[in-house]
Amino acid sequence: MVLYSPAMESAEEESLHSQSSEEEGDELSDGELQEAFTKGLLKPGMNVLAEESKKFVNNAAGLRQCLADFRRDLPWVERLDMTNPPAEDVLAKAEGKVPAGINGELDAEDDFQREMFFYRQGQATVLEALPLLKVHNIATKRPDDYFAEMAKSDQQMQKIRQKLITKQMILERSEKAKKLREQRKFGKKVQVAVIQKRQKEKKAMMSAVKKYQKGMTDKLDFLDGDQKTAKNSSDGSKKAAPKKGPNAKRKFKDQKFGFGGKKSGKKWNTKESFNDVSGFRAKTAHDKGGRKGKGGNKNKRPGKSVRRKMKGRS
């Protein structure tokens with residue numbers, strides 16, 4: 001039989017009230033907390049975090065078990081551990097230097113010395129481990145017929161293949177474009193060289209023509225395309241200079257215009273020409289014989305004054 005009393009009721013109400021107040025305090029928002037602080041309901045020192053004392057666990061049995069696992073006597077094939085010093089520095093020995101790290105002089109801050117020390121230690125490990133692996137019949141090389149499943153799918157490998165092919169095509173195009181640019185540059189150089197050669201030949205030919213016109217030489221080899229160097233031409237001009245007599249230009253003019261002499265009064269009549277009537281023709285003298293041929297007197301054009309009169313009459 002359970003007795004109910006007002007004291008029990010009040011205790012239950014207080015416990016429920018305290019629980020509800022804790023729940024409300026946990027669920028209070030920032031705005032409600034600020035409002036309670038302004039009303040003075042929150043005071044410093046009401047909420048203090050109590051630091052729990054740290055519990056130190058000394059699991060001696062577990063530590064002994066771990067130590068026993070470390071000390072387990074397993075064969076080397078199961079452990080594959082190696083502890084050895086670095087290999088001998090052959091380069092330093094050949095140069096007569098003391099290798100770094102033997103006397104404790106290795107500088108850990110020096111990247112090169114540190115990496116070389118790791119490299120030599122790995123080299124010594126390989127030299128010592130390979131004979132042991134061979135003794136235990138452990139293969140260190142992959143056989144030719146070894147087949148292993150690829151980590152990537154065929155689709156991914158196809159994408160990689162396409163990417164490599166695209167990159168190779170881009171490289172081939174760039175190389176082709178580079179070769180074309182080089183060929184164009186070479187073609188331009190050849191073209192410039194040909195133009196310079198033609199200009200040089202033209203200049204030599206013009207100089208040879210001028211020398212021929214001035215009578216400095218009587219050779220016409222430049223007309224046949226036989227060009228000579230400036231040195232040869234200068235030597236030829238020196239040899240042709242001492243020659244006496246009229247030059248080629250003078251000869252050509254003499255042949256065309258005569259050998260000089262009196263020019264004025266050349267067509268005047270003389271006593272001999274006046275008495276010479278061998279070239280007289282009665283038919284052609286004074287148009288007595290008439291003109292025969294295409295022209296004749298047909299369609300003779302009237303004079304200017306006659307044409308003006310005719311125009312005025314019209």
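Quantities reported herein were computed from a predicted structural model and do not represent experimental measurements.
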Asks: Side-chain heavy atoms under 4.5 angstrom apart, residues restricted to Ile, Leu, Val, Met, Phe, Trp, Tyr: same cluster for F112 and F118?
Replies: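 Different clusters: F112 never reaches F118 through Ile, Leu, Val, Met, Phe, Trp or Tyr contacts under 4.5 Å.
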Asks: I'd like to know whether CD of Q191 has more than 12 heavy-atom contacts from other residues, nucleotides or ligands below 6.0 angstrom.
Replies: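 Incorrect, the count does not exceed 12.
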Asks: Show, in sequence, the C-alpha distance, side-chain angles and deciding distance for Q199 and K203, and conclude whether the side-chain contact (heavy atoms from CB on, under 4.5 Å) test is met.
Replies: CA-CA 6 Å; Q199 290 177 352; K203 188 176 180 180; over 6 Å; no
Asks: Can you tell me how far OG1 of T166 sits from CZ of R161, rounded to the nearest 0.5 angstrom?
Replies: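 Reported value, rounded in 0.5 Å steps: 10.5 Å.
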Asks: If you look at every heavy atom in V126 and P131, which pair is closest and at what distance?
Replies: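 Answer, listing the atom of V126 first, then P131: O-CD, 4.5 Å.
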Asks: Does a sphere of radius 6.0 Å around CG in D154 hold more than 12 heavy atoms from other residues, nucleotides or ligands, not counting ones at 6.0 Å or beyond?
Replies: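 Open.
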Asks: Nearest heavy-atom pair of P85 and A124: which atoms, and what distance?
Replies: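 Between these two residues, the closest heavy atoms are O-CB, 3.4 Å.
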Asks: Kindly give the heavy-atom pair with the smallest separation between P302 and V306, and that separation in Å.
Replies: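 Smallest heavy-atom distance, with atoms named: CB-CG1, 3.9 Å.
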Asks: Side-chain contact, heavy-atom cut-off 4.5 Å: K178 with E182?
Replies: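 Touching, per the 4.5 Å side-chain cut-off.
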Asks: Under a 4.0 Å threshold between the charged nitrogen and the carboxylate oxygen, would K39 count as salt-bridged to E35?
Replies: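 A salt bridge is present here (some side-chain N lies under 4.0 Å from a carboxylate O).
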Asks: To the nearest 0.5 angstrom, please state how far the CZ atom of R184 sits from the NZ atom of K189.
Replies: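 Going from the CZ atom of R184 to the NZ atom of K189 covers 15.5 Å.
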Asks: Check for a donor-acceptor pair, side chain of D276 on one end and backbone N or O of E272 on the other, with a separation under 3.5 Å.
Replies: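 Checked: no pair found.
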Asks: Side-chain heavy atoms under 4.5 angstrom apart, residues restricted to Ile, Leu, Val, Met, Phe, Trp, Tyr: same cluster for L127 and L130?
Replies: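 Result: no, two separate clusters.
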Asks: Do Q196 and V192 have side chains that get closer than 4.5 Å, going by heavy atoms?
Replies: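 Contact flag for Q196/V192 side chains = yes.
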Asks: Look up atom NZ in K304 and atom CZ in R307, then write down how far apart they are to the nearest 0.5 Å.
Replies: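 Rounded to the nearest 0.5 Å, the NZ-CZ separation comes to 7.5 Å.
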Asks: Going from CD on Q168 to NZ on K163, what distance comes out if it is rounded to the nearest 0.5 angstrom?
Replies: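 These two atoms lie 15.0 Å from each other.
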Asks: Counting C-beta onward and ignoring hydrogens, is there a side-chain heavy-atom pair between I160 and M157 closer than 4.5 Å?
Replies: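 Yes, close enough: below the 4.5 Å cut-off.
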Asks: Count the heavy atoms of every other residue, nucleotide or ligand shown that sit under 6.0 Å from CD of E115, and state whether that count exceeds 12.
Replies: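 Yes - once you tally the heavy atoms of other residues, nucleotides and ligands closer than 6.0 Å, there are more than 12.
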Asks: Please check: side-chain N/O of R120 versus main-chain N/O of E88, any donor-acceptor pairing under 3.5 Å?
Replies: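 Not confirmed, R120 side chain does not pair with E88 backbone.
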Asks: Give, for atom CZ of F117 and atom CG of D89, the distance between the pair rounded to the nearest 0.5 Å.
Replies: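 One gets 11.5 Å once the value is rounded to the nearest 0.5 Å.
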Asks: Within the supplied structure, the quantity of interest is the number of heavy atoms (other residues, nucleotides, ligands) at a distance under 6.0 Å from R79 CZ; does it exceed 12?
Replies: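 More than 12 heavy atoms, drawn from other residues, nucleotides or ligands, come within 6.0 Å of this atom.
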Asks: Distance from M82 atom CE to L132 atom CG, nearest 0.5 Å?
Replies: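 The distance works out to 5.5 Å.
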Asks: Would L80 and L133 count as a side-chain contact (heavy atoms from CB on, under 4.5 Å) if you check the C-alpha gap in whole Å, the side-chain angles of each, and the deciding distance to 0.1 Å?
Replies: CA-CA 9 Å; L80 296 177; L133 292 172; 4.2 Å; yes
Asks: Work out which heavy atom in A204 is nearest to a heavy atom in S207; give both atom names and the distance.
Replies: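 Heavy-atom minimum between the residues: O-OG, 2.6 Å.
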Asks: Any side-chain heavy atom of C66 sitting closer than 4.5 Å to one from L63?
Replies: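 Counting from C-beta outward, C66 and L63 never come under 4.5 Å.
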Asks: Decide, yes or no, whether a salt bridge links R114 with D110 under the criterion of side-chain N to carboxylate O below 4.0 Å.
Replies: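 No, this pair does not count.
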